[in-house]
Every structure is written in structure tokens, then in C-alpha cells.
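Heads up, the thing below is written out as C-alpha cells.
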Amino acid sequence: MLSPRGLFVANVGASAGMPDDDKKIAFAHLKEKVREIWGRFPQPLILDLVLAVVMYLSVPLLAVTSLNELSYCAHERKLFLTPVPLLIGVFLTGVLKETLFDLSPLLREAEVPWHLIAIAVIFTLLKLPGPYYPYWGRIFIPHMANGALLKTLWFAFEWYRRPRKTAGV
């Protein structure tokens with residue numbers, strides 16, 4: 001009787017010696033599965049609705065969590081330190097945005113601000129474990145993330161206000 005690890009090793013060894021025809025069949029099967037999953041993916045309208053709901057719910061959530069973190073700093077008598085990480089977060093967001101534009105100039109003309117969504121996700125994931133950071137991390141990291149998220153929110157506001165190129169003109 002083979003253990004699960006033994007089955008994995010046996011399967012890897014068997015696929016390494018597969019003829020090219022079998023590999024093509026396996027790749028075709030994989031492509032078919034990917035197309036099937038892509039076909040089940042929600043329509044763009046549903047994705048737009050989800051994005052709008054997340055966008056409008058994230059602002060009040062950011063406000064509430066920021067007040068919570070500010071109250072913690074006030075309780076620890078470290079409230080005077082909060083502008084420093086806030087400004088660091090604002091600066092980091094600007095640097096990340098410009099770096100992403102340098103890496104992919106197509107982002108400037110994209111319909112959806114994917115670079116802003118990526119920056120917001122990164123700093124949200126950095127902010128979420130805020131209460132579990134060590135003492136100085138609880139003071140600096142969430143406020144840095146707040147600054148970054150506020151600047152990302154400003155960039156998103158600017159993104160949707162910018163003039164758009166129309167296809168017919």
C-alpha cells in the first residue's frame with residue numbers, strides 16, 4: 001500500500017516519462033478546464049457592481065479602523081507620533097504608483113485602475129493584523145497603511161475625474 005506521498009512521487013515519475021502525445025492531451029484537457037472555469041466567471045456587470053460596493057464600503061471601514069487606531073495611540077500617549085507614519089504611507093503610495101506606471105505604461109490608459117486596486121490590497125493586508133504587531137508596530141504600521149490608503153483613495157478620485165478618450169473621436 002502506497003502512502004499519499006508515495007503516490008505523488010509515483011505520479012511525478014510516471015508523467016516525466018510520458019510520450020509527447022499524452023502531454024498534448026493533458027494540456028488540451030487543462031485548456032478545456034480553464035475555458036470552462038472562465039465561462040462560469042461572473043459577467044463584467046456583476047464585477048462592476050462588486051467593485052462599486054467594495055469601494056463605497058471601504059471608505060467608512062477605513063474611517064472606523066483609523067479612529068480605532070488613533071484611540072489606541074491616544075491611550076498609549078503616543079498620538080503625537082501618528083503624523084510621521086501617515087506621511088510615510090502617503091509617500092510610499094506615490095512611489096508605488098509611479099513605479100507601476102514605469103513598469104507598465106498601459107496602466108495610464110486602462111479602464112480600471114488595477115494599480116490602485118493592487119496598492120489598496122497590499123496596504124489593507126498590511127493593516128489587518130495591526131493589533132497583533134509588537135508594541136511599536138501597532139503604533140507605526142497601521143498608520144502608515146492608513147496614509148497609503150488615504151492617498152490611494154485620492155488617486156482613485158482623480159482617476160475617475162480625469163478626461164476620457166472616446167473611441168469615436
Original post:
Would one find more than 12 heavy atoms of other residues, nucleotides or ligands at under 6.0 Å from atom CZ of R162?
Top reply: yes
**OP:** Taking the side chain as every heavy atom from C-beta outward, state whether Y135 and K78 have any atom pair closer than 4.5 Å.
**Re:** yes
Subject >> All pairs passing side chain to side chain donor-acceptor pair (under 3.5 Å) where residues 86-96 contributes a residue, at least two apart >> reply: none
Subject >> Least distance between heavy atoms, T124 atom then A120 atom >> reply: OG1-O, 2.6 Å
**OP:** Please list, chain by chain and in numerical order, all residues satisfying side-chain contact (heavy atoms from CB on, under 4.5 Å) with L106, sequence neighbours excluded.
**Re:** S104
**OP:** Working to the nearest 0.5 Å, report the span between CG of L100 and CD of E98.
**Re:** 9.5 Å
Original post:
For S58, which residues count as a side-chain contact (heavy atoms from CB on, under 4.5 Å) partner, sequence neighbours excluded?
Top reply: none
Subject >> Rounded distance [0.5 Å steps], OG1 in T152 versus CD1 in I122 >> reply: 9.5 Å
Subject >> Distance (rounded to the nearest 0.5 Å) between L116 CG and L149 CG >> reply: 11.5 Å
Original post:
Atom CE of M144 and atom OG1 of T82: how far apart are they, to the nearest 0.5 Å?
Top reply: 14.0 Å
Original post:
How would you list, by chain and number, every residue that makes a salt bridge (Lys or Arg N to Asp or Glu O under 4.0 Å) with E158, sequence neighbours excluded?
Top reply: none
Original post:
If every non-hydrogen atom of P142 is compared with every non-hydrogen atom of G130, which pair is closest and at what distance?
Top reply: CG-CA, 4.0 Å
Original post:
Does OH belonging to Y160 count more than 12 external heavy atoms closer than 6.0 Å?
Top reply: yes
Subject >> Any F140 side-chain heavy atom under 4.5 Å of L86 side chain >> reply: no
Subject >> Hydrophobic cluster partners of L57 (side-chain heavy atoms under 4.5 Å) >> reply: V53
Original post:
Got a second to check how far R35's CZ is from L30's CG, nearest 0.5 Å?
Top reply: 11.0 Å
**OP:** List for me each residue that meets side chain to side chain donor-acceptor pair (under 3.5 Å) alongside E111, sequence neighbours excluded, and say none if there are none.
**Re:** none
Original post:
Any link between L81 and L150 through a network of hydrophobic side chains (Ile, Leu, Val, Met, Phe, Trp, Tyr) touching at under 4.5 Å?
Top reply: no
**OP:** Give a yes or no on this: more than 12 heavy atoms of other residues, nucleotides or ligands lie within 6.0 Å of atom CH2 of W114.
**Re:** no
Original post:
Partners of Y132 by side chain to side chain donor-acceptor pair (under 3.5 Å), sequence neighbours excluded?
Top reply: none
Original post:
With clusters built from Ile, Leu, Val, Met, Phe, Trp and Tyr whose side-chain heavy atoms come within less than 4.5 Å, directly or transitively, what are the remaining members of the cluster of L79, listed by chain and number?
Top reply: L70
**OP:** Could you tell me which residues satisfy side-chain contact (heavy atoms from CB on, under 4.5 Å) with L96, sequence neighbours excluded, listed by chain and number?
**Re:** I119, F123
Review item, side-chain donor-acceptor pairs of residues 59-69, under 3.5 Å, at least two apart:
residue, atom, partner, partner atom, Å
T65, OG1, L61, O, 3.0
T65, OG1, L62, O, 3.2
T65, OG1, K127, NZ, 3.3
S66, OG, L62, O, 2.7
S66, OG, N146, OD1, 3.4
S66, OG, N146, ND2, 3.4
E69, OE1, K127, NZ, 2.9
E69, OE1, N146, ND2, 2.7
E69, OE2, K127, NZ, 3.1

**OP:** Apply side-chain contact (heavy atoms from CB on, under 4.5 Å) to the pair H143 and C73, showing each step before the final yes or no.
**Re:** CA-CA 10 Å; H143 293 296; C73 287; 3.1 Å; yes
Subject >> Residue pairs, two or more places apart or on separate chains, that pass ring-ring contact (aromatic ring centres under 6.0 Å, His included) and touch residues 69-108 >> reply: F101-H115
**OP:** Please name all residues satisfying ring pair (Phe, Tyr, Trp, His ring centres under 6.0 Å) with W154, sequence neighbours left out, ordered by chain then number.
**Re:** F157
